[in-house]
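Reckoned from all heavy atoms, side chains included, excluding hydrogens, waters and symmetry mates.
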Amino acid sequence: MKILRTRFKNINSFYNEPCCVDFSINPLAVSGLFIISGPTGAGKSTLLDVITLALYNEIPRFGSISKTDIKTLGSIVNLKAAGEPKSEAYAEVEYEVKGRQYRSRWSIARNRNNEWNNYQMEIAELPSGNLLDIKGLANFPKKNAEIIGLNYEQFVKSIVLAQGSFAEFLRAKAHDRSKLLEDITGQHIYRQLGRASFERDRQHEEKLKLKEKELQLVSMLTDEQVKQLKDELNIAQAHRIQADKDLIFWEKEKNTLDRCTELLQKLEKVESNKQLLKQEQGLFAPQALRLQHHELVSEWAVDLATLRARQNQLIDLQKKQKALKEEADTQQTIVKETAEKIENLIQKTVPYALLEQELTAFETEILGLEKDIEKLNAEIRPIFNTIRQEVAQASNDWLQQLGLEKLDETNALLLQKQQEIQTEVTRFGPDFDAQNELSRLSTREKALIELSAKLEKRNDLVAKGQDTRKAVAENAKIVAEKKPLWELAQATAQNLELKIKELQLKKEKEQQKFNLEDLRNALQNGDECPLCGSTHHPYVHAYINALSQVQVDLDLLEKQKKEADTQAKNYGTEFNKAEALVTQAEADLKKLREDFLKAKEDCENALGTLQLPLETTLEQLVLEQNQLIQQQSTVNNWLKIKDLNNVIQKITRNYAALFELRTQKVDKEQEKLRRYAGKDIRADGQSLKSTLSNAQTALSIAQKAWTETDKTLMEETQKTDAEAASLTQQLQQKGIESIQIANELLLSSSEIETLKNTRKRLDDREKELEINQKTWHEQLHLLTQQRATELNAEETEFKLNSCRQLRDKYLSESSEIGTKLDNHTKQKEIYSGLQSELEQLRTQRRKWDLLNRYIGDSTGNKFSNFAQNLTLSNLIGLANQRLSHLSDRYVLDKPKEDTESLFVIDMYQGNAQRAVNTLSGGETFTLSLALALALSDLASKNVSIESLFIDEGFGTLDPESLDMALSMLERLQSESDKTIGIISHVEALKERIGTQIRLFKNVNGLSKLEIVG
């Protein structure tokens, strides 16, 4: 995994201006080793925060980031930017994994309410920029972890090497070293497992004790107590059965007595209801009489209704006669008013009979004037359209801007313009042929353009020939210089290849000796060797140094061989390229000579055709072309002015005709206005005619209808009077004096229905009460015979309650005894269940007790120390692999028995072993750097890490140690081809490492960065 570039804005102390650090371009790309420097608080760690924020939405100091953290803690977003409306911040990193490139971006912004929106993330493939389809913010860090192969914790330990922690780690005691290693690797899970096993065992032990106490609290009866309760239950149940029988007897007696009492109450109520019914019948008597009177006159109800209808009809006829008289008067008024309007319109007084005829003659007169006006308009329109067409077809802008509707003003402008252009119109004579002149000038101009192109081609060929001759000379010089160097580099590489093969054979022999380590460890000075018999064993101390020296020599030769191959390849590439360029340039030069001779001949022919001297230059041709363009412009302008003059002459002639027609039209319009000021004579005349005709028709109809209605009214009055006299005679024979009295006696249908229903209800109620009274007397007699005792209600109630209390007593005793027996059964079941649960808990506790004995304790130290001891062994192995590339002097080793300190084996001092506490600052730096790199290897596992950032650890080194540390880092970078960034403020580092990312902090606490190299 390689970091390519980062971009960010408004992160921590950086404000407003976007920042970019590009590791893929110079100077950072070419050096590979650079320093990130600046004062405290300038933002050195911010550069690392940007990377983890853009990839995982986390930074080491805060963990995961949310908009709440930004708002409450004031973290991540620059405080000054966070206080501004519509502010935003972002962090972006581009990285490469297995040849594929990606861009991950984190951003946050304020909304229109000046509140933070939730942060956003996106991941894009490069170079296409296509966004990956990822749903949910939590899945973006997971996707980056999937692509890179490292989660956040692994990434921080693999990319950012805090070697200061390892310097402390080297000097710590065993327990403290285990805790530091746990913090450095993030392997807190083992401590958590140790504490969890202890806690789980404690919980199971507490559960077991509680269950045992619960078992002790279970209470059960003895067998004798159970037998006694069962006997008591049988006696109580027998007494309850007898009590139930007595209770049923007295309940029946009580029910019979209650029924008799109820019937007596009902009979009393019947007597009361009969009295109420008599009162209600007395109150209804007047209404009953009204119903009888109605029934007396009901046979004449139809005749009475018919007579009332005739009388109402007479009233309606009288109203109609009055309305018709009013309508006739109204129409008479309309006829008079309409006649006056017609006389005002035609401007004279005429009889009613001639009104319509005179109005028609007036319409004909006005329509004739309108026809004359429209005819003049018809003559004006084509002339005006001709003027519009002339202006539209003209290309002159001045004509296009004229307001044609303003006839007098426009005509004056045209005459003025015509006078102004007369001088220009007469510039050329009457026989001047403008088109022939333009054709001649255009032909000359085209010929000059073609000649210019030929001269430019000839000059270009001369310049290319000079450049090609120069390229031949330059590349021939390169061939002469590089060929000897290429041959020498090839010879050097072949010589080094032979030496490498010799050393590889020697290394194999030393390794064979090295494989006899177990036999050498058994050798003691003074004892004979079982192989050679010697008592002196010098190789016991020399074998490691010999093998190391061979490896150093072999590494040096391989590096020299690689450099020689690179030089040979580079020199060969330059030599072959220059030689090929010489051959190509010579061929190009020959072709250029041929093209030049042909171009020269074409130029001379063209100059002769145009009658120009052979020494004519491009500048002279351009001057003549400009003169031709000027002449063409003069002729074209003359043509435009001539066309303008012609158009003006046509338009002014048309305007003269328009003025004549306009005068005639004005006369006709004034005459029409004097006779008629309205808009539509047809509509006005028709409206007046229609109003007059309608009013006359309505007047005639109203008068005729009034006459008919008056006749009908007289006839109906006579018929109505005759019917009334006949009906009065019939009623008087039945004792009813008049029709008015008969109408008063008649009831409405709703009253009739109500009174009949009331009469029927009272009759039915009287019959119902009689039937109930008889029935309840019979039932009371029967129930009196069914009684078993002569006790009254109070005595019967006392007997019933006594039996019920006795029954309830026996029932309660039975229930209480049954509950005790049921509880005894349940307690037996609970006891059995608790015994089973207790056995299961004991079985479950055994495995947790066993696990707690091996790895558990309240602090988690037991299992953590064991796990970190294994991690330490793995880490030391990886550190020694890294250390072999940094220095061939030391090998790191684990603590010895009864010691807490780590040890180193000093290969330069006869494999002497000493505690790491005795190392100098430079030696400590070397070992801590190896450990930091080893942790990176451990965290990244199979992931290729091509970008490293080493955070501090240089401030305590003396100049010599610092120089050695930098040499090791340069060697590490050269051999691994990694990009290594050192975060430090040590001045000596700034002087030694030329490529730098410098951070500056101004008086306001805001930071800037620059990249130098």
Side-chain angles (χ1 to χ4, degrees), residues 1-12 14 19-21 23 36 43-70 73 75-77 88-98 100-109 116-126 131-162 183-189 935-936 938-951 979 981 983:
M1 187 271 183
K2 185 173 185 178
I3 305 295
L4 300 177
R5 59 193 61 85
T6 63
R7 302 182 186 89
F8 57 96
K9 178 182 177 182
N10 288 336
I11 300 296
N12 292 336
F14 291 88
C19 300
C20 177
V21 179
F23 301 101
I36 304 173
K44 298 188 293 296
S45 298
T46 296
L47 299 182
L48 304 182
D49 292 345
V50 167
I51 296 174
T52 58
L53 183 63
L55 292 174
Y56 300 102
N57 186 41
E58 290 191 51
I59 61 173
R61 296 184 299 281
F62 295 102
S64 297
I65 303 300
S66 67
K67 67 176 182 180
T68 304
D69 298 329
I70 293 173
L73 302 179
S75 62
I76 304 302
V77 179
E88 64 170 354
Y90 66 82
E92 184 175 285
V93 61
E94 294 182 9
Y95 61 91
E96 182 176 353
V97 177
K98 297 179 181 178
R100 301 184 67 178
Q101 295 183 5
Y102 301 87
R103 180 182 66 243
S104 183
R105 178 183 174 91
W106 178 99
S107 62
I108 193 167
W116 288 113
N117 290 325
N118 199 11
Y119 73 90
Q120 299 295 317
M121 292 190 72
E122 64 179 38
I123 303 174
E125 291 183 307
L126 298 178
L131 296 179
L132 301 185
D133 185 15
I134 302 173
K135 307 297 183 184
L137 284 174
N139 292 323
F140 284 92
K142 295 178 182 178
K143 186 61 179 180
N144 278 321
E146 177 187 336
I147 295 171
I148 298 171
L150 301 172
N151 60 26
Y152 170 72
E153 297 293 340
Q154 293 171 331
F155 182 86
V156 172
K157 294 176 178 63
S158 303
I159 304 295
V160 183
L161 309 182
D183 292 337
I184 292 170
T185 59
Q187 295 176 340
H188 301 89
I189 183 65
L935 179 63
S936 176
L938 188 65
S940 60
K941 296 181 181 177
N942 297 324
V943 178
S944 174
I945 302 299
E946 299 180 49
S947 297
L948 294 176
F949 296 90
I950 302 175
D951 192 1
T979 298
I983 303 173

Verdict with reasoning, L126 to L4, per side chain to side chain contact (heavy atoms under 4.5 Å, CB included): CA-CA 12 Å; L126 298 178; L4 300 177; 5.8 Å; no
Side chain to side chain contact (heavy atoms under 4.5 Å, CB included) between F949 and I36, intermediate numbers included: CA-CA 9 Å; F949 296 90; I36 304 173; 4.2 Å; yes
Pair L47-F8, side chain to side chain contact (heavy atoms under 4.5 Å, CB included): steps then yes or no: CA-CA 9 Å; L47 299 182; F8 57 96; 3.8 Å; yes
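For the atom pair CD1 (I11) and OH (Y90), the distance works out to 9.5 Å, reported to the nearest 0.5 Å. Between M121 atom CE and N139 atom CG the span is 11.0 Å, to the nearest 0.5 Å. The distance from atom CZ of F23 to atom OG1 of T6, rounded to the nearest 0.5 Å, is 5.0 Å. Going from atom CD1 of I51 over to atom OG of S104 covers 11.5 Å, rounded to the nearest 0.5 Å. Note that the CD1 atom of I76 and the CG atom of N12 stand 5.5 Å from one another [nearest 0.5 Å].
Side-chain atoms of Y119 and I65, non-hydrogen and from C-beta on, never get closer than 4.5 Å to each other. L48 has its side chain within reach of I983: a pair of non-hydrogen atoms, C-beta onward, lies under 4.5 Å apart.
A distance-only check finds a donor-acceptor pair linking the side chain of T52 to the backbone of E58 [under 3.5 Å]. Within the 3.5 Å criterion, the main-chain N or O of A145 finds no donor-acceptor partner in the side chain of N151. Proximity of a side-chain donor or acceptor of T979 to a complementary backbone N or O of S947 within less than 3.5 Å is not detected.
Taking the side-chain contact (heavy atoms from CB on, under 4.5 Å) definition, one finds that K143 meets it with I123, L132, I134, E146, I147, sequence neighbours left out.
For the ring-ring contact (aromatic ring centres under 6.0 Å, His included) test with Y56, the passing option among F155, W106, F140 is F155; the others fail.
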Enumerate donor-acceptor pairs with a distance under 3.5 Å from any side-chain N or O in residues 91-98 to protein atoms, sequence neighbours excluded.
unit_1, atom_1, unit_2, atom_2, d
E92, OE1, R105, NH1, 3.0
E92, OE2, R7, NH1, 2.7
E94, OE1, R5, NH1, 2.3
E94, OE2, R7, NH1, 2.8
E94, OE2, R7, NH2, 3.3
Y95, OH, N144, OD1, 2.8

